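Notes follow once the structure below has been shown.
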Amino acid sequence: MKLIIGFIVLWPLVGFLFNGLGRNIWSKKTIAYKATGYVLASFILSIIAFVNVQAKGAITVHYFDFINTDTIKIPFDFKVDALSSLFLLVITGVGTLIHLYSTAYMKDEEAPHYARYFAYLNLFIFSMLLLVLGDNYVIMFIGWEGVGLCSYLLIGYWFTNTTYNYAAKKAFIMNRIGDLGFLLAIFWLIVKLGTVSYGTVLTAESLAKLSTTDITAITLLLFVGAMGKSAQIPLYTWLPDAMAGPTPVSALIHAATMVTAGIYMITRSNILFSASEITQHVVAIVGISTALLAATIAIKQNDIKKVLAYSTVSQLGYMFLGLGVGAYSGAVFHVITHAFFKALLFLGAGSVIHAMHHEQDIRKMGGLKSKLPITHFTFLIGCIAIAGVPPFSGFFSKDEILAAAFAKSPIYWVLGVIGAAMTAFYMFRLYATTFLGKFRGTEEQAHHLHESPFAMTLPLILLAVASAIAGAIGIPELMGGHHWLSHQLTPIVGVTKEAALSHSTEWALMGASVSIAVIALLIAVNRYKRQADGEPQTALGKFLYNKWYVDELYNNVIVQPLNKFAGFLKETIEKNIIDGAVNGTGKVVQYSARKIRLIQNGQVGYYILFMVLGIILLFLCWFNDITIHRFFNN
Amino acid sequence: MNAIIVSTLLGVIMMFVSWGTNNTKLQRNIGLLGMLVLIFANIAQMNGWLSVNFDTKGMLAFNAIGLYVNTILFVITFIYLWINGEEIDKIGSHTADYYAIFFFILCGVSILTSFDNLLMLFIGIEILSIPLYILTGADKKNLFSNEASLKYFLMGSFSTGILLLGIAFIYGATGSFHLNMPILNPATNMPTEHFLLSAGLLLLFVSMNFKVSAAPFHFWTPDVYDGAPTVFTPFMATVVKAAGFVAFIKVFEIQRIALGQNTWTIILPFVILSTLLVGNITAVFQRSVKRMLAYSSIAQAGFMLFALYGNSTFNNEALILYIVAYSLATIGVFAVLIKMKDYSIESFNGLAKQYPALAFLTTLFLFSLAGIPLTAGFFAKYYMLNAIFTAGAGIWLLVLAILFAAVSVYYYFKVVQAMYFVEGTPAIQPIEKSYERKLWVIAIILLVLGVFPSLMFNYLYF
Amino acid sequence: MNTLEILFYALSVFAIVSAIMVLVSKNPIHSVLWLILVFFAISGHYILLNAQFLAIVNIIVYAGAIMVLFLFVIMLMNVQSDKEPQKKLLIKFIGVLSGGSLLTLLIALVKQTAQLEGKQVLMKEGTIGLIHPLGKALFNDYVLPFEISSVLFLSAMVGAVIIGKK
Amino acid sequence: MPIQYYIFFCLTLFSIGVIGVLTRRNAIIVFMCIELMLNAVNLLLVAFSKMYNGAALQITPGSTAGIDAQIFVFFIMVVAAAEVSVGLAIIVMMFRNTHSVDINFLNRLKN
Amino acid sequence: MVLLSILTIPFIAAIILLFVKHNEKANYVAIASSAVTMALAFNIAFNGAANFDADWILSLNARFILTADGLAKILILLTAISFPVIFIATSKNELKNRNQFLALMLFTQTGLLGVFLAGDALLFYFFWELALIPVYFLCSIWGGEKRIAITFKFFIYTFLGSLFMLIGIILVYSNTTDHSFLIASFKNANLTAGQQLAAFALFFTAFAIKMPIFPLHTWQPDAYEQSPTAVTMVLSAVMVKMGLYGVIRWLLPLFPAAAASHANFVIVLSLIGVIYASFIAIRQDDVKRLIAYSSIAHIGLMSAALFTNTSIGMQGVLIQLFSHGINVLGLWIVADIIEQQTGTRSMKALGGLAKKQPTLAILLVGFAFANIALPLTNAFVGEFLIFNAIFQFNPWMGAFAGVSVVLAAIYTLNMVQKIAYGSVSDATNLMQVPNKSAQFVLIVLLGIVFVTGVYPQVLFNITADTLQQLFVK
């Protein structure tokens, strides 16, 4: 088992090294096969691991000591349990599909860059697997930063484009801000508990050792980490910009896997989070605010990937809402379903972009339904799933979160439903503008429109199927299911506390949210099936179109002042004050040198005069001393 | 005693040599031979092989340190004469006379390392000084030399007056010229307060400060060192000054108690710090290397004055090492300087390219002066600081001392920079290999002492 | 006030006035002459103190030999009194001031010296100033410095040769 | 005669010498003033000599205490003579070159 | 004996080099000698070595004693690895009188090794200066345009600092019971509280200037900028470690009370420096200056961790001493290649390296990420422990220090972006020949980065005994 689990992680690493080192040697075909093959191998091993966990329960394996000193010991251990094995499947599974998809999508790249792309992807899978497999927070942190790195590399994949580089840098730095929070939380744990292994930290005994302040601080800091990685207010702005990367990357990293790391981390640490009321509220509020904010922005975006990006942010907000209200399994459920349908949507968008020759503006699309039938169909399924229409997967997961939110506070529920409605609206706005109506692009584009190759459509189909049926793993008992997922996760997150709701309430809530969503989607389809949005006219429209001016706000309030501050330090403090003091000392010496040497004026008379004065001075010195001593002695 | 007698005799011999022959080379070699004889004679007394002894009636007292310093100074003089022999010939046509004068000066040096009576101090100082006035003015046609000589003479005479007044006061207070005059109250074993004595000592202090060119009695130094024929300057700045320090210490080793230790720890640091200040700061802006070295010698004197701070074996060790390190390095630098066509720093430009070995040697000498490790100068400074700290000086004094040491690096390194880092052709006369080899001797001594300084003291203890 | 005291005061005043005249005379030759008078006054003091040998030596060496040498040199240079350069008044004032303060300081010190209170100088009497005891002392206890001072003369001689010879 | 009187007198002479050195420009006069200083010291030493001798005589008749000071004075005179010879030689040399004995002109070496 | 030979080999090689006029041969001599040194260093680091002890200055009771504990080992290893790497990487650079250059470099190496090995305070001081003086000449002769003034400032600054240390040595020495310079005697010296404080201040000044700690750092960026790159590499990879080494070896064990009572002051100063330098680095356009400020920031972190007086911080610093050296060496080599081939260090003029020379760009990115302590690179382990220590000492300080993590990302990525990414600039277009030997050593260095990043236990094992000495009483 030790080997199997080890190789789950190692295969992508091997792929990374293989592609990275051989980028000038191998043909594109070899690269593609190997890259996909290694991830597939991981996937297969993950299934084995999963089955094993199902059969025997959680497994912890020890490899070596990462850090082992007399004060702190951080082993390099992996832990496969219900939670991580689920994540393993999602990561490697979706990963495999996206690798497959990429082989076709990226085929125009030159071989070295093609290899580079797959190397990054493999490295990403490797990091992500480290993140979920690690048996302590430090290993998780290694993966955590690793995925940040890969995200950076992939966003800036087309490195000659300066804008993309800025986006990549922004992503990395915002992630780093979050990582700092995570890091501080780890330190806090080490200071208080002396260990970071889940096995010891996440137990009741450890909890007893921590004061409420400790727990609140630790969980808040952890949450800061999650904010960065999972793009929550205020650290969300990198995610929409991250769409600069190739579309499969957006699908894999910025929709399906990496951004859910925060959810994974909080779910993993649920004991701590549940112990802090304050943190839970913070998480829930930040989550729902993000969900709504992103949804409002998504309504007015015209870039196909931007819409999906804000939709991701919004969905992540939902997940955090779920975490905040204690519906850990609900959040994980949503992670899984979201992985499927968002990956599907992104890949679909990729297929569209591919067909449109890298045109991403939906106003220039329209009527693609007939030209791209498979893409259209799968995309539609994705939209329905995300809109929360039963019986597609999104419905179940979203509903579970909403139900839990209601149990916590009806306000959360109301806001959640508004968000859901907006989700339905903007998704179908997107769908309608893109696929319905008439084609609005150029003649040439119209001429070249074609369905994508099989390597691209296959993942679409598979994901569409998954999006449609994935809800099955979590059909609530209410509907006669037995919520397999929830049972799966019970050893880790405990029993979800939603039992308070009566069945009739639940049915009512479900009905309300679904009907509102359906109404919203119908409005959207109706409005956008013939025409696209023009330039925004109203103030609100502009406001939303410009993303609440948050980027501008950050730029003016944080980035520019800090930049100015740095300039001030460099130009004024460093140059004039600190170095000035150093050089000033030299200047003083030189100045006094110029002056003092004038005493030596060449005149013997003066010299002797100075001597006489010197004698007088010495006498006075001595005289003074004598007198003073006499004064004190008497 | 041997040294005094032999040096006098040698001086007389050299006078006769000057009448006997005009062959400067022969004169030079006789002089060098005489130096060897003198060194041998002194070593003979030091080791007790052979020494002329008669009752000096308390005028002189020979002790190990005095004799050792004699040896050191004689050897330094020998090295000086050996290196600069040809240059000395170029000053007028009195080679043998100069050697005679050197021997007379060395006689004065021997007296100053062994006097036990203020009369001998006075005579010693005069024997040391009067020939120096002459050496300074030896370049008769040179107005600078004339001027320096006259300045030196006038100020030197003035300081003699001060010295004599001091001695008179001391005599008035104690009734004796002897160094071990009764200064302690037999009853309390503490110094009695005697203003006349203190005033006398202070005046003595002043005139000794004058001799070792400590501020504010240093004014003659830059002008004289600058104006004197370049070949004589290092001798004045090293051997003569070192003898002055030995005499200074001899006088105040015991006598300072009469001033009161408190007074001593106020006026001495005052003098030391002003010396360091004036020497170092003024040296910074000199365009002439010769003048810069004159100021630097003031600064070095400031450091040597530390040896007066306390009295322990540390001080003697420190002073001995300092004398050797400073003297050899100064002689070395001047040996290079004298080959320069003019003494501006610019004339050193690019020396490293034309004469790499010479530049290296110069650098080494300057490093030693600056007190950079691996050279004897470092340990000289180290021992000195260690000594004063052991003697109870405050940290602040040490800190100030090293601040000035850092300033000194500034001007010494200007020469190094000119030699190594500035492009240009050095204004230098052709240097022969043999000349370089002589300088290597100095360099090796400095380097060896820079690693094993205790070689200097083994004699004192073993 | 007895004769000795009168003589003391007279000689002292005479010496001081002559000394001041050395300073204020414009003509260097006059200065030399005034200085000779100072030396005579000091020799008078020596005689008062019964230091006859020194009195004679002072007159012979100082007033006789040295001052004549000075006179020769001044004559040789043919320095005119009207060409005699003068320092600025301010400098002169500062010079006088610092000399004066040195004097004041030293006098203050001497005055404060308790050990000197009541000490008398033996006038007229005592034989140590006579040539016989001095000679004995010189050739007994002070023979070494006496011999060594010859070195001084030798070097002065060499010096005169070096400097004087063209 | 109290010793203080002699000291005061000698100090006065000495200071006049100092003042002379400080106020005159003629090198020869300056030198003469230095000689004046030396003479003042000489007299002071003789006075001290007689002071000690007088005190000693009261205890041991025929004592030669204090004679060393007179010997010292003798040596000072000797040295002064040597110094004068050298000094005047230097001044003459200077005069030969510059035709001046003004010390204010001795200012080529400075700073 | 091994310890003595590791000192003498570079020294003798340096003297030999003075007579080897031929450039290629000089290179071989230098590389060969440093390779032998490296082999010895590995031997010492992994097998240990007996102390070397001999009389030196009898009258002062100073001994020529060399010891190699974990701290010394790791730094010797760093020094010994750095020099061959530097020699190989810069072997193609054009230098007049290359043999003299290499000789001075080897003298520096002798000094550095001596500093790390000396077990006697006077010997330590001796080597401390010996390491500095060749650098003065190296920078002044082969440096940039403003080299003379800048190097001089650097020299005087550090020289003054070391003079302060000398006074400190005198102060402690005079109070030792057996009048000896041995560390053990120094530890047992009878110092009053005031004296201890004074000695602490004196030693600290020397080390603070060398490290350098804010606000005594201004010599550094200038010196790095103006020095020939090989020297800059030595300066930043090894030489700044002297200050930290001094703190660990001399300051903390000798004056524990003073160190403890001033820990707050030093840590705050260090951390201000960390943030300050990071901010300035953000605004730098010159690659060398940027790396210099980045180095100041990293060193500041280490110094802060040292003064927390925690075992974990010490452990972190011990590792980081090595790791930072390797990383910064890598960065310098890349910067040097770029400067050599394009003739500019201005990031504005650069760009598009990834397109022009992808291998170099990859290496640059690799070291850049090591520089910002990305996990699985060597710096992560050290900085993790360091931040941890600071956090333990005071959570607020820890958080403040943590800001540097973000700032480091900003300036490092700025650099990467401006150099490697974007379209190929005119200057970058000049880059033609990939410097094979330099790339080779870079790859080796990057290998070290990842090996020690993934399995830092290698380094922990070397330094374990030092930690024992310092923290197990």
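These figures come from a predicted structure and were not determined experimentally. In what follows, chains carry the letters A, B, and so on, assigned in the order in which the sequence lines appear, proteins first and then strands, with residues in each chain numbered from 1.
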| For I103(D), is it the side chain, the backbone, both or neither that has a heavy atom under 4.5 Å from a heavy atom of chain B? | side chain
| task | Counting only heavy atoms closer than 4.5 Å, note whether F14(D) contacts chain B via side chain, backbone, both or neither. | result | side chain
| remark: The reported gap from CZ in F177(B) to CZ in F72(D) (rounded to nearest 0.5 angstrom) is 5.0 Å
| said: Can you confirm whether L38(D) sits close enough to L164(B) that some side-chain heavy atom of one is under 4.5 Å from a side-chain heavy atom of the other? | reply: yes
| task | Quick one: closest heavy-atom pair of V86(D) and I134(B), and the distance? | result | CG1-CG1, 3.9 Å
| query | Judged by atom type as modelled, is there a donor-acceptor pair below 3.5 Å linking the side chain of D68(D) to the main-chain atoms of S176(B)? | reply | no
| remark: Given G137(B), G175(B), G156(B), the one with more heavy-atom pairs under 4.5 angstrom with chain D than any other is G175(B)
| field | Contacting region of F122(B) [heavy-atom separation from chain D under 4.5 Å] | value | side chain
| request: Mind ranking N97(D), L45(D), V30(D) by heavy-atom pairs under 4.5 Å with chain B and telling me who comes out on top? | output: N97(D)
| request: Can you see which heavy atom on A27(D) is nearest to which on L154(B), and at what distance? | output: O-CD2, 4.2 Å
| message | For the CZ atom on F8(D), are there more than 12 heavy atoms of other groups (residues, nucleotides or ligands in this structure) within a distance under 6.0 Å? | response | yes
| Which pairs with one or both residues in residues 132-151 of chain B pass ring-ring contact (aromatic ring centres under 6.0 Å, His included), sequence neighbours excluded? | Y133(B)-Y152(B), Y133(B)-F153(B)
| What heavy-atom pair brings V41(D) and G161(B) nearest, and what distance separates the two atoms? | CG2-O, 4.2 Å
| query | What part of I127(B) lies closer than 4.5 angstrom to a heavy atom of chain D: side chain, backbone, both or neither? | reply | neither
| query | If you round to the nearest 0.5 Å, how far is CD1 of I123(B) from CZ of F75(D)? | reply | 4.5 Å
| request: With rounding to the nearest 0.5 Å, note down the distance linking CD1 in I90(D) to NZ in K140(B). | output: 12.5 Å
| query | How many angstroms lie between OG1 in T160(B) and CD in E83(D), if you round to the nearest 0.5 Å? | reply | 5.0 Å
| field | Reported CD-to-CD1 distance for the pair E126(B) and I76(D), which is rounded to 0.5 angstrom | value | 10.0 Å
| field | Atom pair CZ (F158(B)) and SG (C33(D)), whose distance is rounded to the nearest 0.5 Å | value | 10.5 Å
| said: I'd like to know whether the aromatic ring centres of F48(D) and F169(B) sit less than 6.0 Å apart in this structure. | reply: no
| remark: Bottom line for Y295(B): the part with an atom under 4.5 Å from chain D's heavy atoms is side chain
| said: Among M51(D), M93(D), M37(D), E35(D), which residue has the highest count of heavy-atom pairs closer than 4.5 Å to chain B? | reply: M93(D)
| Where does A173(B) contact chain D at under 4.5 Å (heavy atoms): side chain, backbone, both or neither? | backbone
| query | Hey, does L44(D) have a side-chain heavy atom less than 4.5 Å from the side chain of L165(B)? | reply | yes
